[in-house]
Amino acid sequence: MTIEEAVHQLEARLAQENCATPRLDAEVIIAFVLGLEKFRLITEAKRALTEREIGLIGKAGSRRALGEPVAYITGRKEFYSLEFIVDRRVLVPRPETELLVDLTLYHAPGNADVLDLCTGSGAVAVAIKHNRKDCRVTATDLSRDALDVARINAESLVGPDEIDFRQGDLYEAVTDMNFDIIVSNPPYIDPEEKSELPRELSFEPEMALYCADRGRSVINRIIEGGRKYLRPDGIIMIEIGASMEVDIIARSRKRGFGATVARDNSGRPRVALLKIRGEQCP
Ligand code: GLN
């Protein structure tokens, strides 16, 4: 079997399993197994595969066919043009979450103190630190396992001890601190929706995806606790579910914040911005 034939075969198998992007996934998986850059699948299309390579492609392909996300099979995921290590201890970073980083880079004053809550793989904290060395970044997560992954990513992408990782429930690990920016991609999916979601999500840590109160409990706690840790001109930025805009603006206003919601590239409400002073965020 040649490389080209293997790509076609895996693409057809993944299409049959209703995978949304069968061609792309087949290419990424095969390039990973062969240790090649993706374009070389074309330049080496006619090369014959060894039995061993065919076996490895079959194994990796089966994992994908059963719904496992490509990022867990390759063990990496690009986010904000940086390559992160990921595995089943952490949520796979999503492209729409890059908006949180964009907004932080835009709004953070010079030498800002930034807090990333629910850091997971560390993608948001690391992307911020990578682009803004002047910021002091602290990142927390309830999961020790996730923090182990985040520390590996931080060490390789921004250097050891550049980000202060702390284990704890939201603000619990930073009770002595104040911040200019508090940023978070918390769990926000309603557990009731679990059965209707793509099967890829069943491979990801439940605590990173789901929470009580129809997916609002963690966001609400971030808002409620935020005032104590936010400097007077600070901003809280939280990734939210597309249907939560109205609720979250109302709750934030009740708690004395001016709130707006920024949309992602697909036009969906994605990031709530909360400020203590003023009705609207800049
Ligand atoms: N946006 C993710 C999804 O719908 C969920 C991430 C999260 O809960 N923070 O797959």
Side-chain angles (χ1 to χ4, degrees), residues 18-21 24-25 64 67-73 76-80 84 86-104 115-128 139-143 145-147 149-150 153 169-171 181-223 225-226 236-245 247-248 251-252 261-274:
N18 296 322
C19 165
T21 49
L24 177 65
D25 292 6
R64 182 68 195 111
E68 189 166 347
V70 175
Y72 290 156
I73 298 168
R76 49 185 101 145
K77 177 74 184 179
E78 189 189 306
F79 178 83
Y80 225 80
F84 288 84
V86 291
D87 60 32
R88 290 182 68 170
R89 290 175 288 179
V90 295
L91 190 80
V92 177
R94 314 287 205 252
E96 45 297 2
T97 302
E98 293 184 347
L99 179 58
L100 270 185
V101 180
D102 287 339
L103 290 167
T104 302
L115 172 63
D116 176 29
L117 297 169
C118 312
T119 194
S121 66
V124 168
V126 169
I128 292 168
T140 76
D141 204 289
L142 190 51
S143 160
D145 281 349
L147 286 171
V149 178
N153 283 317
D169 186 11
L170 299 182
Y171 302 105
I181 303 281
I182 297 172
V183 64
S184 183
N185 175 20
Y188 58 75
I189 301 179
D190 181 352
E192 294 282 318
E193 287 171 19
K194 207 184 283 186
S195 60
E196 295 143 43
L197 295 170
R199 60 191 172 148
E200 278 76 3
L201 272 72
S202 68
F203 290 83
E204 298 186 283
E206 295 215 332
M207 70 184 280
L209 289 168
Y210 305 103
C211 66
D213 294 341
R214 295 177 299 131
R216 284 149 166 88
S217 70
V218 177
I219 292 177
N220 290 345
R221 286 172 54 220
I222 293 173
I223 295 172
I236 302 180
M237 305 183 194
I238 314 170
E239 182 168 318
I240 61 168
S243 62
M244 298 177 176
E245 181 174 15
D247 271 19
I248 286 172
R251 176 173 287 263
S252 305
V261 170
R263 279 152 210 281
D264 64 19
N265 285 339
S266 343
R268 271 185 239 119
R270 182 63 64 185
V271 175
L273 296 106
L274 282 65

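Source: prediction; values computed, not measured. In listed order, ligands and their atoms are each counted from 1.
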For P187, the atoms of ligand 1 under 4.0 Å from one of its heavy atoms are 8 (O)
Taking E68 first and then R199, would you say they form a salt bridge - that is, a charged N and a carboxylate O separated by under 4.0 Å? no
E239 neighbourhood, listing ligand 1 atoms whose heavy-atom distance to it stays under 4.0 Å: 1 (N)
I'd like to know if the side chain of D169 reaches the main chain of L142, judged simply by a donor and an acceptor atom lying under 3.5 Å from each other, with no hydrogens or angles considered. no
Say whether G241 and ligand 1 are in contact under the criterion: heavy-atom distance to a ligand atom below 4.0 Å. no
For atom 10 (O) of ligand 1, what's the nearest protein heavy atom and its distance? R94 NH2, 2.9 Å
Show me which atoms of ligand 1 lie under 4.0 Å from any heavy atom of N185. 7 (C), 9 (N)
Using a strict threshold of under 4.0 Å (side-chain N to carboxylate O), is an ion pair present between R89 and D145? no
Y72: partners by ring-ring contact (aromatic ring centres under 6.0 Å, His included), with sequence neighbours left out: none
Check ligand 1 against L209 and write out every atom of the ligand that is under 4.0 Å from a heavy-atom position of the residue. 8 (O)
Would you please say whether a donor-acceptor pair under 3.5 Å links the side chains of S217 and N220? no
Below the 3.5 angstrom mark, is there an N/O of P186, backbone or side chain, next to an N/O of ligand 1? yes
Heavy atom of the protein closest to atom 8 (O) of ligand 1 (residue, atom name, distance): Y188 N, 3.4 Å
Between R64 and D25, what is the shortest heavy-atom contact and its length? NE-OD2, 2.8 Å
Quick test: of every protein heavy atom, which one is nearest to atom 4 (O) of ligand 1, and how far off is it to 0.1 Å? I189 CD1, 3.9 Å
Can R216 and D190 be counted as an ion pair, charged N to O under 4.0 angstrom? no
